[in-house]
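All values below come from the heavy atoms of this structure, side chains included, with hydrogens, waters and symmetry mates left out. Note that the numbering runs from 1 along the sequence shown for the chain. Because the structure is a prediction, the values reported are computed rather than measured.
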Amino acid sequence: MEKRRYRLFMALMCQLLALVLAPAGATAQVGRGAPHVAAELVAGPATRPGGETTIAIHMTPEKGWHGYWSNPGDAGLGMQLDWTLPEGAKAGTPRYPVPQTLVVSGLMNHVYESDYAVLVPFTVPADAAPGTRVPVHLRAQWLACTEQICVPEHADLAVEVPVAATAATDRDPRFAEWQRRLPAPLDAVGTFSLDDRTVRLAIPLPATTPLDAPHVFVGEDKLIDYAGAQQFAWKGDMLIVTLPRVKLDPRGSDSLTGVLRLNGAGDGIAFSAGPGTVPAGATPIADDGTAPELPSLPLLVLAALAGGLLLNIMPCVFPILSLKALSLARAGESESHARIEGLAYAAGVILACLILGGVLLALRAGGEQVGWAFQLQEPLVVVGLLFLASAITANLLGLFEFAVPGFAAGNSPSSFTRGAFATGLLAAFVATPCTGPFMASAMGAALLLPVVPAMSLFAALGLGIALPFLAVAFVPALRKRLPRPGRWMVIFRHWMALPMGLTALALAWLTWKVGGTGFALVALAGLLLVLSALLVAGMAQRRGKSAAPAALIAAAFAVLALVLLPKQTPPAASTGSLLAAKPFSEKALAKARATGKPVFVWMTADWCLTCKVNEQVAIEREDTRAAFEKAGVVVLRGDWTRRDPEITRYLTAQGAAGVPLYVWYAGGSGKAQQLPQVLTPELLAGKAGV
């Protein structure tokens, strides 16, 4: 807020200086010598009476000085023109070339640091005689600035526009270059929408248009935060731009005009837009202005399949291996039971992945900024998983008996089917928060593809997770290697309560992280009531009585606890890091890259065990810190534990669906380079050049 007030104060001071002190300043300046931004009025080719030609206001800044676009940005002053014309003559709306951005102390200005020309359409009087010249006088005022000081300047300019019987084609050769620098007018009108935080703009533009570091310059003042990060995405032949609103005294608008800079060479288009619907579900573009390049669909399907297969050995999946181990052991009882369990388990896993993928795509189509593992960003879902993991732990310990997925079912084929199917559902739901090798590219592509191919990738992921179980179910040689059922299964079941109990403890910690202390205490109190009711149910079972009443009470306690949970108040984010990491934001990334130093972007979440392993093994280490300090690396850490639209947009722009994600920007104008999802200290030190 204070920074914005400072920006407005600076802009006001510049305007007051230009308007109040300009005459005195100009006189004194003439005594001192030439202006810092010299002005020249240049006439275009001759035109017939009543015809239109062009007059150029050619501005030449000294080295280190700059002039301003019509909307100067956070500070500065646009040029002011006062024409003196003969009767019947008319000067039109000035057309400015595509400006540059200049950020000084967090203030963004729209400037020109080399010579430029403002072209003004000029209509000569209809009664002008051919062979004569129309005198044009202009008093122009502008602000000339360096990064430290500003000086108001002005000039009285004059030129004569020739009148001919027919329009001429010969003109000052500089006009061709001045005309080229103007933004090309867009013949189609776009749409825009406003909310409290953003301006969303849809510009009709062919998707084949090359973009390189695009930027939108808005003509209306007090509408957007000029220094804020701008997001670009394609929706067919529509460029969707998301601009941050100005926070202090924001204004609405019935129209929006501006310039879209297409590349660093200064090419651009001039556009206008009216209020309307801006499409959702667009594909974000990468740092270089292009949509992420996607491999072919068959390769993506193979990547999803391999990613799902590798999830079975990833750290984030280990807690549910106990569920699979018990089902795999029983699979040796008979061939028919093994195949039933294998198919049912695979169906459960694939269905869960399809449901999660479908919900994810539907939310994104509705404009929500969500990514893979979005379910673990919801505190109520985390509490529900805490209750479930704790109940499974109690069941594995034998505190009560219940047909919990796949390991307490009866002996009928139908009970095998139900248990294995439920195990598959649960396994996929808990196993998919973290992304592993191969999976990252496939899930990232799924967010950018049409619905049908995207859903095929989610199905392939589920099939990959289920492949080991299917192999045992359908390959007799593998089944023969399994030990025969016996007393050992009871002991094994009790031991499997250990990893599931650790999972419950991790979920309890995550409940505190995503909801805060009060939220976690209420959840744990509800959990204690649920476990007490399940213990009573187990005691009734051992006495040969029905456990249904106690089980219903346990379910009622669980529902009541979820309903009575207080508002989430996450604990303050921990800032302790050996690497002195700064919180990630789009603005922080732009500022870091502008320094010319290497930048390491580190995306993590408290529920991602792969992330935590990488942090302990490769990131939060003294040797990594020393290497980064020596190379001057700027570290930005994004915490995706709770939903964060800004982080989600960045993940999608990098073609990633979830965390972990590690991106390296070399010094200078280095492009984004994704690092492997399994890091080593040597890799990070090597990137730092140590």
Check your understanding: Which atoms form the tightest heavy-atom contact between P275 and D254, and what is the distance?
Key -> CD-O, 3.1 Å

Any heavy-atom pair between the side chains of [Y] and [X] that's under 4.5 Å?
X: R261; Y: V98; answer: yes
X: H66; Y: L102; answer: yes
X: L661; Y: Q674; answer: yes

Whether the [X] and [Y] side chains hold a donor-acceptor pair (N or O, under 3.5 Å, no angle test) is what I'd like checked.
X: E220; Y: T257; result: yes
X: N71; Y: Y96; result: no
X: H36; Y: E62; result: yes
X: Q673; Y: W664; result: no
X: T54; Y: W178; result: no

Check your understanding: Does D82 have any salt bridge (Lys or Arg N to Asp or Glu O under 4.0 Å) partners at least two apart in sequence or in another chain, and if so, which?
Key ->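 Per chain and number, D82 pairs via salt bridge (Lys or Arg N to Asp or Glu O under 4.0 Å) with no residue.
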
Exercise for review: Could you tell me which residues satisfy salt bridge (Lys or Arg N to Asp or Glu O under 4.0 Å) with R95, sequence neighbours excluded, listed by chain and number?
Suggested key: none

Throw together a table of side-chain donor-acceptor distances under 3.5 angstrom for residues 197-207, partners on residues two or more places apart or in other chains.
unit_1, atom_1, unit_2, atom_2, d
T198, OG1, D195, OD1, 3.0
T198, OG1, D195, OD2, 3.1
R200, NH1, V278, O, 3.2
R200, NH2, P279, O, 3.0

Review point. So, F584 versus Y650, ring centres under 6.0 angstrom or not?
Key: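 For F584 and Y650, the ring centres are under 6.0 Å apart.
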
**Study point:** Sole residue of L256, D187, V189, V241 in side-chain contact (heavy atoms from CB on, under 4.5 Å) with F271
**Key:** L256

**Study point:** salt_bridge(E177, R180) N-O dist < 4.0 Å
**Key:** yes

Are the side chain of [X] and the backbone N or O of [Y] linked by a donor-acceptor pair below 3.5 Å?
X: R139; Y: L81; answer: no
X: E113; Y: G64; answer: no
X: T191; Y: T277; answer: yes
X: Q80; Y: W142; answer: no
X: D644; Y: E646; answer: yes

Study note, to complete from the structure: To the nearest 0.5 Å, atom CG of D225 lies from atom CE of M108 at 9.0 Å

Revision key, fill the gap. Interatomic distance, NE2@H215 vs CG@L243, rounded to 0.5 Å, equals 8.5 Å

Exercise for review: Specify whether H110 and W69 have parallel, tilted or perpendicular ring planes, treating 30° as the upper limit for parallel and 60° as the lower limit for perpendicular.
Suggested key: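 Ring orientation, 0 to 90° scale: perpendicular.
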
